[in-house]
Amino acid sequence: MLAGAHMSIAGGVFNAITRGLDCGCNTIQIFTKSNNQWKAKVLTEEDVAKFKQLREASQIAPVVAHDSYLINLGTQDDALYEKSIDALFIELGRAEALELSYLVIHPGAHVGAGEKAGLRRIAQGIKLLHKRTKGYKVRIALETTAGQGTSLGYRFEQLAQLLDLIGDNDRLAICLDTCHIFAAGYDIRTPAAYKKTLAELDDVVGLDMVKLIHLNDSKKGLGSRVDRHQHIGRGEIGSEGFRLLVNDSRFARLPMILETPKKKDGDEWDLMNLGTIRGLVKAERG
């Protein structure tokens, strides 16, 4: 099983590899820069070389990245839109330099302009980025969202529309977030509910487009459209939903990455949640 967590890059992007090893991860997610600032510290050749050396030695793979939360490709504000495109271009460049597999992005929020306008804007931005990054191997992974505020990507139909509008599936992927789909109204808590939700995802988007999974329980209820992560099995989804997911043979080779709450002074919670997830796999397989 490919199981890991989001790891801090404090002190250098290469430190995420060491932190991942300490937690027993065999896959991790990182930010390539500060997630709450537009500016990015220069990624030096030394940083890149050390990162690659440690990753190869650790055999942690794949390593994926998540973009900055400041970016919004769904906005109708031209200044913010251009700033978002430029920021994503930089992040794609950093991910490519580090030889990462995916850059996960929240599609964007329409901020009152309407879903149709927002989806068109997002697709336009990604198509432009694809032109500016011709030849890159890193793929943009559109993440399912909870639908909080005016965020888009909370319905499978919206993700399908984006894939159709962009029209370059070989350079795209879907990141399935358990907390987000649950908060958006897709139930996975029982075998019947799980089967129904996954069948809908397959019918509307295609399971072949799902390349990675964020494992997060939800503090809020089904259909709340509130994005609040909780420890595995301790939220509104509960252990059964995760047992069904981690034992689904269709996802056996996909990286499953925790974004559950962290302590500021240690990695105990990541260790706890990874242990819970792996325990669910063992319980199913005997």
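Starting from 1, each residue takes its place in the sequence as its number.
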Handout entry: salt_bridge(Lys262, Asp270) N-O dist < 4.0 Å
Key =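 Yes, charged N to carboxylate O under 4.0 Å.
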Handout entry: Under-4.0 Å salt bridge between Arg243 and Glu240
Key =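 Judged by the 4.0 Å cut-off on N to carboxylate O distance, Arg243 and Glu240 do form a salt bridge.
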Exercise for the section: Ignoring hydrogens and angles, tell me if any N or O in the side chain of Ser84 forms a donor-acceptor pair with the backbone of Ile71 under 3.5 Å. Expected result: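 Answer holds: no.
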Problem - Sequence neighbours excluded - ring pair (Phe, Tyr, Trp, His ring centres under 6.0 Å) pairs with any residue from residues 72-92 - result: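 Pairs touching residues 72-92 that pass the test: none.
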Compile the donor-acceptor pairs under 3.5 Å between side chains in residues 113-120 and protein atoms, sequence neighbours left out, one pair per line.
residue : atom : partner : partner atom : Å
Glu115  : OE1  : Gln158  : NE2          : 3.1
Glu115  : OE2  : Tyr154  : OH           : 2.7
Glu115  : OE2  : Gln158  : NE2          : 3.4

Handout entry: Non-neighbouring partners of His229 that pass ring pair (Phe, Tyr, Trp, His ring centres under 6.0 Å), sequence neighbours left out
Key =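 For His229 the ring pair (Phe, Tyr, Trp, His ring centres under 6.0 Å) partners, ignoring immediate neighbours, are His180.
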Handout entry: ring pair (Phe, Tyr, Trp, His ring centres under 6.0 Å) partners for Phe156, two or more places apart
Key =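 Applying ring pair (Phe, Tyr, Trp, His ring centres under 6.0 Å) to Phe156 gives Tyr186.
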Could you verify whether a donor N or O on one side chain and an acceptor N or O on the other, from [X] and [Y], lie under 3.5 Å apart?
{"X": "His6", "Y": "Glu259", "answer": "no"}
{"X": "Gln148", "Y": "Asp227", "answer": "no"}
{"X": "Thr260", "Y": "Asn273", "answer": "yes"}
{"X": "Arg171", "Y": "Thr133", "answer": "yes"}
{"X": "Glu236", "Y": "Gln230", "answer": "no"}
{"X": "His110", "Y": "Gln76", "answer": "no"}
{"X": "Asn36", "Y": "Ser34", "answer": "yes"}

Handout entry: Residue pair Asn216 / Phe242: nearest heavy atoms and the distance that separates them
Key =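 Asn216 and Phe242 have their closest heavy atoms at O-CZ, 3.4 Å.
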Problem - Sequence-distant partners of Arg250, side-chain hydrogen bond (donor to acceptor under 3.5 Å, both in side chains), two or more places apart - result: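 Asp248.
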Exercise for the section: Could you list who else is in Ile17's hydrophobic cluster, with ILVMFWY side chains joined at under 4.5 Å, directly or through other members? Expected result: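 Ile17 shares its hydrophobic cluster with Met7, Ile9, Val13, Phe14, Leu21, Ile28, Ile30, Leu43, Val48, Phe51, Leu54, Ile60, Val63, Leu98, Leu100.
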Practice task
Could you tell me whether Phe31 and Tyr69 have their ring centroids closer than 6.0 angstrom?
Solution key: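 Centroid distance Phe31-Tyr69: below 6.0 Å, so yes.
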